[in-house]
Every structure is written in structure tokens, then in C-alpha cells.
Amino acid sequence: MTNVTRQQEQSPSSKIITAEWCDRPSVQVAPDLIGCTLARQMADGSIIDAVIVETEAYAPADPACHAYRGPSKRNAAMFGPPGHSYVYLIYGLYHCLNVVTEPVGIGSAVLIRALALNTVPPALDPKYTPKPHRIAAGPGKLCRTLNIDRQLDGLPYHPDSGLWLAHRQTPLAATDIVQTTRIGISQAVEKPWRWYLKGSPAVSKKATKTAVSNA
DNA sequence: CCTCGGATCCTT
DNA sequence: AGGATCCGAGGT
């Protein structure tokens with residue numbers, strides 16, 4: 001914890017993202033998160049921080065959204081306060097990390113799909129890292145790299161949680177963000193609710209392949 | 001209960 | 001194109 005405090009003092013330009021900032025529709029928050037920082041304090045106390053380079057929005061009336069059919073044990077965090085996490089298990093072996101948006105009672109969130117790491121974690125199995133810049137290029141991969149699982153479900157994004165968000169340190173032009181359709185879903189496939197940082201080598205594989213729009 | 005399939009990823 | 005591997009949702 002003292003490490004975290006010191007780190008914040010050293011980087012006054014990295015302003016923490018608040019719950020209020022996340023209290024908007026997910027389709028607004030998702031593109032705004034591109035270029036922002038996700039930070040994670042690991043078990044050994046070290047801090048990994050990374051630039052968010054790919055996001056997807058999931059909305060209350062969206063059939064692809066886990067909250068579409070109302071609250072359940074799994075998706076409870078989506079109906080909780082904005083600026084908290086929603087972490088779930090997918091395909092029995094990967095986890096996915098979301099930022100909850102909109103007020104309590106409204107089920108919406110932004111899926112973090114890919115990160116460009118500023119610091120490379122020391123003890124990561126080399127067999128998972130043939131290419132260092134792709135270590136977090138996908139929603140399941142980034143959770144594996146940052147050691148994120150359901151223990152972190154429903155926590156506020158805050159240094160005290162060991163997981164937090166910070167605003168962009170430099171402005172990003174709208175033309176640097178590409179908007180396309182979402183990945184891996186079978187419902188509402190036409191909604192253009194995926195955004196990624198143009199030219200980033202860390203966007204997920206399918207995203208690079210499917211890349212269209214903007215120019 | 002039982003079955004189906006999923007906001008994935010890696011290997012054939 | 002298929003397997004790993006768990007569990008929630010929805011129907012019987």
C-alpha cells in the first residue's frame with residue numbers, strides 16, 4: 001500500500017478514474033477508456049501498468065449483454081455501482097474483466113479486450129509469451145497476465161483494490177480510435193460497439209483481422 | 001435434473 | 001477445425 005501511495009505521488013499526471021466518470025452509458029465510456037491506463041498491484045507488491053487499447057460496450061437492452069435477462073448471481077456486479085469491476089469465467093478456463101457503467105440497478109459494462117503493457121511482469125511462464133507485446137492481446141490473456149480472477153469481481157477500481165484506472169496522460173485524436181463490430185458474440189453482432197487504438201500491435205488477433213471503419 | 005453453449009485461446 | 005474445461009441459463 002505504501003508502494004501505491006508513493007507511485008501516485010511520483011506521477012501526478014496520472015489521475016485516477018472515478019466512479020462518477022464511469023456513470024454514463026457504456027457506449028460512451030468504452031471509447032473514452034482507449035488510451036487510459038489500467039494498473040494492477042501483483043502479489044509481490046510490484047505494480048504493472050498498461051494502456052487500454054481495445055474495449056467493447058455492453059448495454060442493458062443488448063441481447064449480447066450478460067445483464068440482458070436481469071440480475072443473477074454471476075452478473076450481480078453489473079447491476080452494482082459504476083466504476084467497479086465485473087469479472088467472470090468464460091469457457092471454463094479464462095476470465096474477462098469489465099468496468100461497470102451507469103448507476104446501481106442498471107446492468108451495463110465495458111469489456112477490456114486488450115492492453116499494451118508498460119512494464120513486463122517478471123515471473124511469467126515464457127511458453128505464454130512468444131511475443132512480449134502480445135502478452136495481453138485479448139480479454140482472456142490480459143486477465144491471465146495480470147492475475148485477475150473472480151476474487152476481484154465487484155471491487156471498486158481503486159489502488160486499495162490492487163486494481164485501478166487512470167486517465168490519459170496525453171490527448172488522443174478521435175481519428176486514432178477505430179470503431180467496429182464486437183468479437184465472439186452470436187447476438188446483436190451488427191452493433192458497432194468495439195473500439196481499438198489504431199495501429200496498436202497489442203489489439204486482439206481477431207480485431208486486427210476484422211479491422212474496418214474510420215479513416 | 002439435464003443439456004447446451006459461451007464477451008477465449010492455442011494447436012492441429 | 002477442434003479441444004480444453006467450468007458453470008449459468010433455460011427447458012423438461
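So that the names make sense, note that chain A is the first sequence line, chain B the second, and so on, each numbered from 1.
Environment of CD in A:Glu190: crowded, with over 12 heavy atoms of neighbouring residues, nucleotides or ligands closer than 6.0 Å.
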Taking only nitrogen or oxygen atoms into account, show me every contact under 3.5 Å that the protein makes with nucleotides 2-7 of chain C, one pair per line with its distance.
from, atom 1, to, atom 2, distance (Å)
C:dT5, O2, A:Tyr91, O, 2.4

Show the distances under 3.5 angstrom between N or O atoms of the protein and N or O atoms of nucleotides 10-12 of chain C.
from, atom 1, to, atom 2, distance (Å)
C:dG10, OP1, A:Arg69, NE, 2.7
C:dG10, OP1, A:Arg69, NH1, 3.4

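A salt bridge links A:Asp62 with A:Arg182; the closest basic N to acidic carboxylate O contact falls under 4.0 Å. Remark: A:Asp153 does not engage A:Arg74 in a salt bridge, criterion side-chain N to carboxylate O under 4.0 Å.
Protein atom NE2 of A:His66 is 16 Å distant from nucleotide atom P of B:dG5, rounded to whole Å. Here the C1' atom of nucleotide B:dG6 and the CD atom of A:Gln187 are 11 Å apart, to the nearest Å. Rounded to whole Å, atom P of B:dT8 lies 11 Å from atom CZ of A:Arg182.
The distance from atom CD1 of A:Ile185 to atom CG of A:Leu111, rounded to the nearest 0.5 Å, is 10.5 Å. A:Met42 CE to A:Thr145 OG1: the interatomic distance, rounded to the nearest 0.5 Å, is 8.0 Å. One distance of note links CD of A:Glu20 with OG1 of A:Thr18; it measures 4.5 Å at 0.5 Å rounding. Here the CG atom belonging to A:Leu142 is positioned 10.5 Å from the CD1 atom belonging to A:Ile135, to the nearest 0.5 angstrom.
Counting any heavy atom pair closer than 4.0 Å across all strands shown, A:Arg113 reaches sugar-phosphate atoms only and no base atom.
Each of A:Leu33, A:Asp32, A:Ile177 was scored for a side-chain contact (heavy atoms from CB on, under 4.5 Å) with A:Trp195, with one residue passing: A:Ile177.
Secondary structure note: stems in DNA chain B built from 3 or more consecutive Watson-Crick or G-U wobble pairs under 3.5 Å occupy B:1-6 with C:6-11, B:8-11 with C:1-4.
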Using a 3.5 Å cut-off and no angle test, enumerate the donor-acceptor pairs between side-chain atoms of residues 102-109 of chain A and protein atoms at least two apart in sequence or in another chain.
from, atom 1, to, atom 2, distance (Å)
A:Glu102, OE2, A:Ser108, OG, 2.9
A:Ser108, OG, A:Thr101, O, 3.0
A:Ser108, OG, A:Thr101, OG1, 2.7

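If you chain together hydrophobic residues whose side chains sit under 4.5 Å apart, A:Tyr68 and A:Val189 never meet in one group. Under the 4.5 Å side-chain heavy-atom criterion for ILVMFWY residues, no single connected hydrophobic cluster contains both A:Trp193 and A:Met78.
Taking atom P on both nucleotides, B:dC2 is separated from C:dT5 by 23 Å, rounded to a whole Å.
Look at A:Ser186 and you'll find a side-chain N or O under 4.0 angstrom from OP1 or OP2 of B:dG6.
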Derivation and outcome, salt bridge (Lys or Arg N to Asp or Glu O under 4.0 Å), residues A:Arg113 and A:Glu56: CA-CA 7 Å; A:Arg113 281 197 58 92; A:Glu56 283 179 359; 3.8 Å; yes
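Near DNA chain C, meaning a heavy atom under 4.0 Å away, the residues from residues 70-79 of chain A are A:Ser72, A:Arg74.
A side chain to side chain donor-acceptor pair (under 3.5 Å) check over residues 79-96 of chain A, counting only residues at least two apart or in different chains, returns the pairs A:His66-A:Tyr86.
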